[in-house]
Asker: 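Here you go, one structure.
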Amino acid sequence: MQQVKIFKGVDNEISELEQQMNRWMRKSGAKVISVTGNLTAQPAPTAGGMNSFAAGHLMLVVLYEIDSSQG
């Protein structure tokens, strides 16, 4: 049976999101079919220097398959 799992985070914390996804994949035993992502840019803050920028929102959708007997 195919299922969907959604992970969300911000682009300046990608390594934490990656660790969360990998941990979930190991624990669930799911057979991952595909991973699709989307990054939404956020407007730069008006206050601050020229190098200021806001983190973008990151959403990753994992399509996976599990044995239907697992529930």
Side-chain angles (χ1 to χ4, degrees):
M1 175 185 302
Q2 291 186 349
Q3 301 284 308
V4 172
K5 175 79 174 165
I6 298 174
F7 295 90
K8 61 181 182 173
V10 290
D11 67 350
N12 61 355
E13 298 175 355
I14 290 176
S15 62
E16 289 88 0
L17 186 58
E18 184 180 80
Q19 290 173 3
Q20 179 185 0
M21 289 180 66
N22 287 329
R23 189 171 35 250
W24 171 80
M25 285 189 273
R26 282 191 305 271
K27 287 184 176 184
S28 70
K31 177 184 172 189
V32 175
I33 298 168
S34 70
V35 178
T36 306
N38 187 42
L39 175 63
T40 304
Q42 299 300 304
T46 55
M50 295 288 289
N51 293 330
S52 297
F53 63 94
H57 293 282
L58 181 62
M59 182 179 77
L60 297 169
V61 179
V62 179
L63 176 63
Y64 66 98
E65 194 168 274
I66 58 168
D67 182 359
S68 60
S69 65
Q70 291 180 357

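For clarity, every value in this text was computed on a predicted model and none was experimentally measured.
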Asker: In terms of hydrophobic clusters joined by side-chain contacts under 4.5 Å, are Ile66 and Val35 together?
Answerer: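 Yes.
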
Asker: Name the one of Asn22, Asp11, Leu60 that satisfies side chain to side chain contact (heavy atoms under 4.5 Å, CB included) with Leu17?
Answerer: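 When Asn22, Asp11, Leu60 are each tested with Leu17, the side chain to side chain contact (heavy atoms under 4.5 Å, CB included) holds only for Leu60.
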
Asker: With ring pair (Phe, Tyr, Trp, His ring centres under 6.0 Å) as the rule and sequence neighbours excluded, what pairs involving residues 4-30 come up?
Answerer: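 Pairs touching residues 4-30 that pass the test: Phe7-Trp24, Trp24-Tyr64.
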
Asker: Nearest 0.5 Å, please: how far is CD in Gln20 from NZ in Lys8?
Answerer: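 Lys8 atom NZ to Gln20 atom CD measures 10.5 Å (nearest 0.5 Å).
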
Asker: May I ask whether Val32 and Met59 are part of the same hydrophobic cluster, defined by side-chain heavy atoms of I, L, V, M, F, W, Y residues being less than 4.5 angstrom apart, directly or through others?
Answerer: no

Asker: So do the side chains of Val62 and Met25 get within less than 4.5 Å of each other, counting heavy atoms only?
Answerer: no

Asker: Can you get from Val4 to Ile33 by hopping between Ile, Leu, Val, Met, Phe, Trp and Tyr side chains that sit under 4.5 Å apart?
Answerer: yes

Asker: Quick check for you: to the nearest 0.5 Å, what is the distance between Gln3 atom CD and Lys31 atom NZ?
Answerer: 14.5 Å

Asker: Which other residues end up in the same hydrophobic cluster as Val10, if Ile, Leu, Val, Met, Phe, Trp and Tyr are linked when side-chain heavy atoms come under 4.5 Å apart?
Answerer: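 The other cluster members (ILVMFWY side chains, heavy atoms under 4.5 Å, direct or chained): none.
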
